[in-house]
Amino acid sequence: MTAASADLTVNGRRASFTALPDDERLLDTLRWRLGLKGTKEGCRTGDCGACTVLVDGRSTLSCLTLTREVEDAAITTIDLGAGDREVDRVRAAFAAAGALQCGYCTPGFVIALAGLLKERGRSLSLDEILDSLQGNLCRCTGYAAIARAAALAREAAP
Amino acid sequence: MSAATRSDLAVKLAGGAIYGTDLDLPGMRWAALVPSPVAHGRVRSVDLAPARRLPGVVAIGAEDLPSLLPGSGDADRPIFPTREVLYRNQPLAAVAASTLPEARRAAAAVRVDIEPLPAVIDLESVFPDWPGAEADRSPHVIAHVHARHGEIEAAFRSADRVVEETYRTASVHQVALEPHACVASVTGDRWYVRTSTQTPFGIREDVASLLGVPEERVVVDGTWVGGGFGGKGSSLLEPFALLLSRAADRPVRLALDYRQEFELGRTTLPAVIRLATAVRGARIVGRRVRLLLDVGSSLPGRDFATGYSIGFLLGPYRTDAFEVEGYGVRTNKPPFGPHRAPFAPQCAFAVESHLAEVARSVGVDPDAFRADHLWHEGDSTALGQRVGPFGLPSALEQARATAARWRAERPPGRGVGIGMGFWSTGTGAGGEVRLVLTPTELRIVQGEREIGSGSVLRGLVVVAERALGIPSDRVRVEYLSTAEAPYDSGVFGSRTVGALGRAILEASASLGATLAERLGEAGPVRLELTGGELIAVARSVRRPVRELLSPGELSVGLVANGRHFADPRKIDDSRVVTGSFYPYTDFTGAAHVAEVSVDRETGAVRVERYAAFHDAGAVVDPGTARASVEGGIAMGLGIALTEEALWSDDGRFLNAHLLDYRIPTLGEVPVPDVTFVEGFPGAGPFGAKGLGEPPIIPVPAAIAAAIRDASGAHVTELPISAERVARALKLL
């Protein structure tokens with residue numbers, strides 16, 4: 001596998017690598033090169049959604065994305081701190097609804113929901129939002145509290 | 001009060017919580033296991049030389065253990081098999097390298113020579129007919145339990161009717177989203193491992209025994225746990241990571257990918273349940289229950305599953321005469337391990353479905369029939385234990401009212417059913433806590449980690465809050481490693497609030513007594529917050545905690561210890577013919593109501609409405625309690641409808657990924673109505689009973705009853721897949 005230099009923009013910061021293997025997944029670059037462990041590794045086959053990040057504002061499974069594919073994009077992860085309107089709104093909704101237990105799926109859900117709100121805002125119905133979140137698995141909550149959080153986040157959207 | 005007051009919300013929502021998979025130590029090596037290519041075989045050789053020739057690779061196998069270990073480990077449980085491989089993917093050796101791809105290449109380079117032996121995968125191939133007297137001599141039988149009570153033969157002889165049925169249940173996996181992961185670092189004689197676990201002290205004990213290292217030299221530190229559900233309750237990767245770290249003289253990370261998580265996880269395996277019930281009039285006069293349980297490659301004498309599981313086939317119903325017999329049958333799969341309420345949902349599915357059929361056979365309403373036979377407080381269980389305060393009859397009464405309403409309202413094609421289950425709180429040896437009071441906060445120092453349910457971060461905090469009247473945001477849970485923390489047996493068995501909570505009560509009482517003495521006032525002490533300072537209040541006397549502490553205590557805090565070890569409980573041994581049964585304490589239960597629709601062409605089931613009625617004793621934290629029930633129902637729906645590990649004849653886990661092993665998704669779980677039936681106090685703090693596991697237990701039974709009601713399909717096998725419903729309806 002060849003490796004060449006690469007640049008990546010994550011949470012508004014530019015990162016450069018001198019030798020990045022062509023087959024490296026975005027999930028691994030984030031977690032093990034940049035130390036951004038907020039994005040979780042679950043199945044690595046695109047079935048659980050725990051690794052969801054935003055690529056130019058769109059929900060993307062970082063386990064199925066080659067880092068090379070997103071060199072020119074703006075990547076947003078759960079590690080971005082405070083200040084992003086939609087991410088903060090979703091976090092507040094999750095806290096108010098108590099929508100997490102072990103928390104391992106939480107970064108994926110928060111980012112996926114924030115991505116939906118960024119793209120479509122309140123033009124999405126709650127049912128459409130819940131449909132869109134079906135690719136994110138949670139084993140603890142039974143989704144009831146997550147659905148409550150999604151409703152709260154939607155209501156708070158402009 | 002809502003779950004929103006959990007103190008882990010902020011760190012988890014910021015992405016700052018470090019789980020086992022996130023661990024990273026400077027200079028860390030990455031590890032991989034060398035899997036057995038066959039499910040059963042004789043080890044001829046495991047040649048590590050090709051792996052060792054790769055740059056930077058450390059490889060260890062059975063022959064390296066004497067030089068790495070101070071003593072000898074458990075001869076019955078070798079780290080690496082030297083003679084016989086018992087299941088596919090059983091680790092034969094382990095390697096570490098600078099990167100994960102290098103470690104995987106090194107693992108693949110190891111030359112394994114194993115002479116294949118016939119593998120037993122299918123439980124029922126061992127005993128095509130039910131085991132008879134020959135079973136005790138079978139090398140496949142590692143546990144035999146048998147108990148009886150009353151005039152069982154006479155009961156069956158004199159019965160108006162005997163209903164006999166066979167039920168089959170599937171192998172299901174915990175599917176915690178975080179796969180197993182740990183980092184080990186051995187320095188000098190300190191064997192340190194940081195791991196995602198429900199039982200830090202259990203891991204310490206297990207590792208010490210497996211490696212032959214004295215317990216006090218093993219240090220286990222926890223992380224945030226990305227879901228446990230029983231799967232992170234005993235050691236799995238830790239011994240390998242520790243040995244590699246010793247060999248490499250570096251920290252070593254060992255984690256499973258999700259395929260391996262399925263393949264190596266210890267979980268529920270298939271079972272066959274035979275039930276026979278003798279009825280006179282509308283009354284049960286005798287029950288025979290028999291269980292054939294696949295225990296995988298569990299070791300003789302180490303099988304907890306058979307005697308534990310079978311108990312759930314005996315209740316929660318009165319029976320004058322009964323006979324129960326079960327066999328733990330060894331197959332070439334990984335050892336059986338606990339899955340949230342181990343095997344209770346499967347037993348409840350069989351018992352509830354069966355008794356409903358029995359009721360129908362004598363023309364009685366199944367819900368009324370079950371209500372007539374249900375345990376009440378003061379009844380004796382089949383094994384002679386007295387049932388304490390027990391809210392299940394009240395829960396059933398409320399469930400029946402809901403079911404009647406739903407039946408009246410339902411659109412055509414839908415069915416409504418009730419399922420029940422019981423549970424017992426209080427497993428585990430016990431535990432201790434240390435309370436540390438400073439002028440501004442109370443710390444709960446203990447050895448468990450929050451696994452997600454909230455039992456540590458909410459349950460224990462609320463107990464301290466109520467015991468001392470202290471605002472909960474001034475109570476902080478402190479996690480320490482096994483080297484520093486007081487002992488506790490683990491977060492499992494729905495025991496945390498009941499057991500550690502009582503340790504907190506004891507410590508709180510001791511702390512209160514010290515403060516009362518220093519205040520010069522008898523009576524209970526409360527801790528109020530004024531201007532950021534804690535004030536101790538006893539009757540009319542109020543003084544800042546700061547003024548009550550000695551100079552030494554001002555620097556380290558005022559310390560009070562509390563402990564709680566398991567309540568005594570005993571079954572009536574005169575009823576046991578052979579084997580170990582599991583005694584219960586603090587009985588609890590739940591009745592669930594499900595409404596489903598069944599597709600009359602495909603057999604596909606959709607859950608439309610759901611209601612749960614739980615006896616949780618006195619609920620200590622309503623938000624956390626509700627969350628536990630909501631989550632348990634979803635997990636139970638998986639067991640009921642979709643989850644089934646498929647094992648090939650040569651021992652492969654065929655659907656070892658989340659696309660084919662289907663857990664419920666967001667659109668498939670209705671938001672349930674959750675009701676707590678109060679007035680049946682348990683032995684826990686303020687009357688609490690455990691609530692971690694009970695919510696999963698009645699779900700498959702309730703779903704099966706609703707499917708039966710909607711379509712007439714009586715499915716006797718879990719999961720109740722669309723295909724099985726279609727077969728029962730003769731659509732296939």
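Hydrogens, waters and symmetry mates are skipped; everything else that's a heavy atom, side chains included, is used. Note on naming: letters A, B, ... go to the chains in the order of the sequence lines (proteins, then strands), and numbering restarts at 1 for each one.
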**Prompt:** Asp7(A) and Arg14(A): side-chain contact (heavy atoms from CB on, under 4.5 Å), yes or no, with the steps?
**Reply:** CA-CA 7 Å; Asp7(A) 297 302; Arg14(A) 198 93 177 125; 3.2 Å; yes

**Prompt:** side-chain contact (heavy atoms from CB on, under 4.5 Å) between Val674(B) and Tyr610(B): does it pass, once the steps are laid out?
**Reply:** CA-CA 9 Å; Val674(B) 178; Tyr610(B) 207 92; over 6 Å; no

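Remark: Arg13(A) does not engage Asp79(A) in a salt bridge, criterion side-chain N to carboxylate O under 4.0 Å. Ion pairing between a basic and an acidic side chain is recognised when a charged N comes within 4.0 Å of a carboxylate O; Asp24(B) and Arg31(A) show no such pairing. Under the 4.0 Å criterion applied to side-chain N and carboxylate O atoms, Asp8(B) and Arg6(B) are assigned as salt-bridge partners.
Neither the backbone nor the side chain of Leu256(B) comes within contact range of chain A, judged by heavy atoms closer than 4.5 Å. Contact of Glu450(B) with chain A is not made at all, since no heavy-atom distance falls under 4.5 Å. For chain A, the nearby parts of Val175(B) are the backbone and the side chain; heavy atoms of each come within less than 4.5 Å. Residue contact with chain A, scored on non-hydrogen atoms closer than 4.5 Å, is absent for Asp257(B). For Arg626(B), the part lying near chain A is the side chain, with the backbone staying farther off; criterion is any non-hydrogen pair under 4.5 Å. Contacts of Leu36(A) with chain B are absent, with no heavy-atom separation under 4.5 Å from either backbone or side chain. With a 4.5 angstrom heavy-atom cutoff, Leu177(B) touches chain A via backbone and side-chain atoms both. Of the atoms belonging to Lys40(A), it is side-chain heavy atoms, and not backbone ones, that fall under 4.5 Å from chain B.
Of the listed residues (Val110(A), Leu130(A), Leu80(A)), the greatest number of heavy-atom pairs within a distance under 4.5 Å of chain B belongs to Leu130(A). Between chain B and the residues Asn136(A), Asp28(A), Thr106(A), Leu100(A), the most heavy-atom pairs under 4.5 angstrom are made by Leu100(A). Of all the listed residues (Leu457(B), Val629(B), Leu658(B), Asp22(B)), the one sharing the greatest number of non-hydrogen pairs under 4.5 Å with chain A is Asp22(B). Annotation: maximal heavy-atom pairing with chain A below 4.5 Å, among Ile18(B), Ile633(B), Leu659(B), Leu100(B), occurs at Leu659(B). Most heavy-atom pairs under 4.5 Å with chain B, from the set Cys102(A), Cys138(A), Gly142(A), Pro107(A): that is Cys102(A). Between chain A and the options Ser453(B), Pro670(B), Pro664(B), Pro672(B), the largest number of non-hydrogen pairs under 4.5 Å is found for Pro664(B). Among Glu41(A), Arg139(A), Arg91(A), Gln134(A), the residue making the largest number of heavy-atom pairs under 4.5 Å with chain B is Arg139(A).
Side-chain atoms of Glu178(B) come within 3.5 Å of backbone atoms of Gly20(B) as a donor-acceptor pair (strictly under, hydrogens ignored).
Using cut-offs of 30° and 60° for the angle between ring planes, the Tyr661(B) and Phe653(B) rings count as tilted. Below 30°, between 30° and 60°, or above 60°: for Phe109(A) and Phe94(A) the angle between ring planes is between 30° and 60°, a tilted geometry.
Legend: residues meeting ring-ring contact (aromatic ring centres under 6.0 Å, His included) with His173(B), ordered by chain and number and at least two apart, are Phe262(B).
No hydrogens or angles considered: nothing links the side chains of Tyr258(B) and His657(B) as a donor-acceptor pair under 3.5 Å.
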